[in-house]
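First the proteins, then the strands, lettered A, B, ... as listed; each starts at 1.
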2 protein chains.
Amino acid sequence: MEKNSCIRQQADIEQINRCKDTVSELNDSFDYLANGLSLVGNSVRLKILYLLFEEKRLCVCDLSDILGMNISAISQHLRKMKDRNLLETERDAQTIFYSLTAEYEKMLNPFFEMLDKNKILETI
Amino acid sequence: MEKNSCIRQQADIEQINRCKDTVSELNDSFDYLANGLSLVGNSVRLKILYLLFEEKRLCVCDLSDILGMNISAISQHLRKMKDRNLLETERDAQTIFYSLTAEYEKMLNPFFEMLDKNKILETI
DNA sequence: TATGTATTTAAGTATTTGCTTAAATAAGAA
DNA sequence: TTCTTATTTAAGCAAATACTTAAATACATA
């Protein structure tokens with residue numbers, strides 16, 4: 001397991017202990033936030049999120065058509081994001097429309113703006 | 001393949017075509033941004049990034065000790081982030097210190113602030 | 001030079017993720 | 001009720017990812 005293997009002379013024991021405390025205190029937050037970011041860190045889901053940001057609401061069928069992907073595959077992506085509260089749904093007869101939740105629209109806004117300006121590939 | 005299967009009567013053809021255009025125009029940006037976010041969307045890497053945000057610089061050995069993980073595993077995470085320009089290195093004798101690049105420190109700041117306040121689990 | 005320390009890299013394995021296919025559920029219309 | 005449309009769910013497979021172990025590289029010092 002190689003734990004506590006940092007034996008270099010200059011190692012700052014206080015710093016390491018402070019960091020260990022931080023990690024154990026915030027451990028659940030790290031997991032939760034990382035899980036949320038991993039949902040956004042998939043190009044299919046990022047496209048869905050951005051399209052919902054621009055169009056306000058879309059159904060599985062629309063997204064399947066737009067992205068050229070299987071309805072089932074899209075549905076499974078949507079479910080993951082709904083489960084994690086990135087998305088919410090409203091039913092309109094047989095059609096279920098997905099939209100961004102207000103809190104995630106706000107949180108993801110800086111990224112959407114980068115995409116809006118299509119500046120990603122130049123600035124990062 | 002089930003493409004162009006969105007045949008519901010209310011489907012807004014103009015909206016769908018507009019979305020298709022957006023996706024094809026921004027396709028590389030989506031991939032690039034999603035790839036960057038997927039690096040952050042891993043709890044080990046998120047911890048590393050946050051620790052570097054707080055401590056300014058740490059070496060593989062420190063991080064291995066703090067996170068209780070194999071040095072090799074940490075080194076491989078660091079490499080991925082350095083390759084994608086989230087991190088930079090400076091050598092100090094035999095020790096290689098990693099730190100956040102200025103642009104990603106800025107980009108990730110809102111998330112670090114949430115962690116700082118340890119408000120993740122309450123507010124999201 | 002040889003030895004020790006710090007780190008990276010390569011190869012293999014195990015887990016996770018995304019997509020496909022097929023079946024199931026849900027709602028409206030005939 | 002039966003048929004059609006819209007969507008979700010379950011099961012299986014293939015690709016991607018994270019971690020382990022062992023070997024390699026890089027630098028410092030005796």
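Atom CZ of A:Arg91 and atom P of C:dA26 are 9 Å apart (whole Å). D:dA18 atom C1' lies 14 Å from atom CG of B:Leu78, rounded to whole Å. Atom CE of A:Met81 and atom P of C:dT17 are 15 Å apart (whole Å).
Between B:His77 and D:dT17 there is no side-chain polar atom (N or O) within less than 4.0 angstrom of OP1 or OP2. Listed pair A:Lys80 / C:dG18 meets the phosphate criterion, a side-chain N or O lying under 4.0 Å from OP1 or OP2.
Checking D:dC19, D:dT5, C:dT21 against every side-chain atom of A:Asn70, the shortest atom distance belongs to C:dT21. Listed nucleotides D:dC27, D:dT5, C:dT8 differ in distance to B:Tyr98; the shortest reach to its side chain belongs to C:dT8. Ranking D:dT7, D:dA26, C:dT7 by closeness to the B:Thr95 side chain, first place goes to C:dT7. Of the candidate nucleotides D:dT8, C:dT8, C:dA27, D:dT8 has the atom nearest to the side chain of A:Ile71. Counting only heavy atoms from C-beta on, A:Gln94 has its side chain closest to C:dA27 among D:dC27, D:dA18, C:dA27.
A side-chain donor-acceptor contact under 3.5 Å links B:Lys82 and B:Thr89. Side-chain atoms of A:Glu105 and A:Asn109 include no donor-acceptor pair closer than 3.5 Å.
Here the side chain of B:Thr22 pairs a donor or acceptor atom with the backbone of B:Arg18 at under 3.5 angstrom. Between the side chain of A:Ser75 and the backbone N or O of A:Ser72 there is no donor-acceptor pair closer than 3.5 Å.
A perpendicular orientation is assigned to the rings of B:Phe30 and A:Tyr50, their planes being inclined by more than 60° (bins at 30° and 60°).
Annotation: the span from A:Asp116 atom CG to A:Glu54 atom CD amounts to 6.0 Å, rounded to 0.5 Å. A:Ile74 CD1 to A:Cys59 SG: the interatomic distance, rounded to the nearest 0.5 Å, is 11.0 Å.
Geometrically, B:Arg84 engages B:Tyr32 in a cation-pi contact, judged by NZ or CZ lying under 6.0 Å from the ring centre and within 45° of the ring axis.
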Passes salt bridge (Lys or Arg N to Asp or Glu O under 4.0 Å), A:Glu90 versus A:Arg57? Steps please.
CA-CA 9 Å; A:Glu90 66 183 313; A:Arg57 60 175 223 174; 3.3 Å; yes
Using atom names, set out every protein N or O paired with an N or O of nucleotides 9-16 of chain C below 3.5 Å, distance rounded to 0.1 Å.
{"residue": "C:dT9", "atom": "OP2", "partner": "B:Arg79", "partner atom": "NE", "Å": "2.7"}
{"residue": "C:dT9", "atom": "O4", "partner": "B:Ser72", "partner atom": "OG", "Å": "2.7"}

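Near DNA chain D, meaning a heavy atom under 4.0 Å from it, residues 42-54 of chain B has B:Asn42, B:Val44, B:Arg45 in order of number.
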